[in-house]
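Shown next, in structure tokens, is the structure this report addresses.
What you see below is based on every heavy atom in this structure, not just the backbone, and it leaves out hydrogens, waters and symmetry mates. Position 1 is the first residue of the sequence; numbering continues from there. Both ligands and their constituent atoms are indexed starting at 1 by order of listing.
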Amino acid sequence: MKTIQKLLILAAALTVLLTALTACGGASDSLKAVQEKGVLVGATSPDFPPFEYLENGEPVGMEIELMQAIAEKLGVTLKIEQVDFDSIIPGIQSGKYEVGMAGITVDEKRKKNVDFSDVFFTAAQKIVVQPGSTIASKDDLTGKTIAVQTGTTAESVCMDGGYELLSFTSNNDAVAALTSGKADAWVVDSEVAATLAEQQGLVVLDEAMTEEPYAFAFKKGSDTLVQAVNQALAELKADGTVQKIFEKYDVAYNG
Ligand code: GLN
């Protein structure tokens, strides 16, 4: 046999061996990888109360508690990285973070870039205005300036609507644009709208612009990790833990 033939056979054998090793739970087993290091790295943008916000510099909130309970079931410690919302999905894709927990709405475009867990809550996009505003519904937004957070579904919905936008990397800056009068309205997810409107004396309009199912986001192909998270989530839903977490923050659980 010629040397080149031998080399080709050797290369083919190595490929088969490597494929078999990967399939047997090597690097491709996302759950095993997380359990072996004992840490689940989660990314959040803690400007989204009551799902995630800062208390004494530490991220707290419903979603943080929920992911902590899930991590406990997986037997790992949750390590939280604080990042801007629009950096979460790219960071998951590059493998920097293993899970995104940021009130992330499941949508078809994102499904091309990340895998989602089962849904744990359904929210809506709401319009927030100053007391006494002439804006009383979506139709009144035409010609007005709307504050949104960069990379969110609020931004895409308002862009699709052709409205004039001011886009901020932080939700705190988006709400500040409304309170300072730079923007006429702020479009944001329902529970965040309710929480911050109450804290800052703002008004949330009844009309919902969209319906938004929330789930946790993972790197594409994290099948075993997503399955384990879904199993843990199902158990926490069934034993009332999820409901209790939501009640603690005065939110009616609808998951
Ligand atoms: N649910 C919205 C989205 O997924 C907003 C999330 C957020 O601002 N944290 O875009």
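Tyr214 and Glu63 form no side-chain donor-acceptor contact under 3.5 Å, judged by distance and modelled atom types alone. When only modelled atom types and interatomic distance are considered, Glu235 and Gln231 share a side-chain donor-acceptor pair under 3.5 Å. With hydrogens and angles left out, the side-chain atoms of Ser167 and Thr150 include a donor and acceptor closer than 3.5 Å. A donor-acceptor pair shorter than 3.5 Å can be found between the side chains of Glu212 and Thr105.
The contact set between ligand 1 and Tyr214, taken as ligand atoms under 4.0 Å from a residue heavy atom, comprises 1 (N). With ligand atoms numbered from 1 in the order given, ligand 1 contributes 1 (N), 2 (C), 3 (C), 4 (O) to contacts under 4.0 Å with heavy atoms of Thr105. Less than 4.0 angstrom separates some heavy atom of Ile104 from each of these atoms of ligand 1: 4 (O).
Between Lys111 and Glu108, at least one side-chain nitrogen of the basic residue sits less than 4.0 Å from a carboxylate oxygen of the acidic one, meeting the salt-bridge criterion. Between Lys248 and Glu65, at least one side-chain nitrogen of the basic residue sits less than 4.0 Å from a carboxylate oxygen of the acidic one, meeting the salt-bridge criterion.
Among protein heavy atoms, atom 8 (O) of ligand 1 sits closest to Gln149 OE1, 2.7 Å. Of the protein's heavy atoms, Phe48 CE1, 3.2 Å lies nearest to atom 7 (C) of ligand 1. For atom 3 (C) of ligand 1, the closest heavy atom belonging to the protein is Thr153 OG1, 3.3 Å. In this structure, the protein non-hydrogen atom closest to atom 9 (N) of ligand 1 is Ala102 O, 2.8 Å.
The part of Arg110 lying near ligand 1 is the side chain, judged by heavy-atom distances below 4.0 Å. Of the heavy atoms in Asp189, only side-chain atoms (C-beta onward) come closer than 4.0 Å to ligand 1. Contact annotation: for Phe51 versus ligand 1, there are no heavy atoms closer than 4.0 Å.
At least one heavy atom of Gly103 sits closer than 4.0 Å to an atom of ligand 1.
When all heavy atoms of Gln130 and Thr179 are compared, the pair lying nearest together is NE2-O, 3.3 Å.
Side chain of Gln125 to backbone of Thr153: no donor-acceptor contact under 3.5 angstrom is found.
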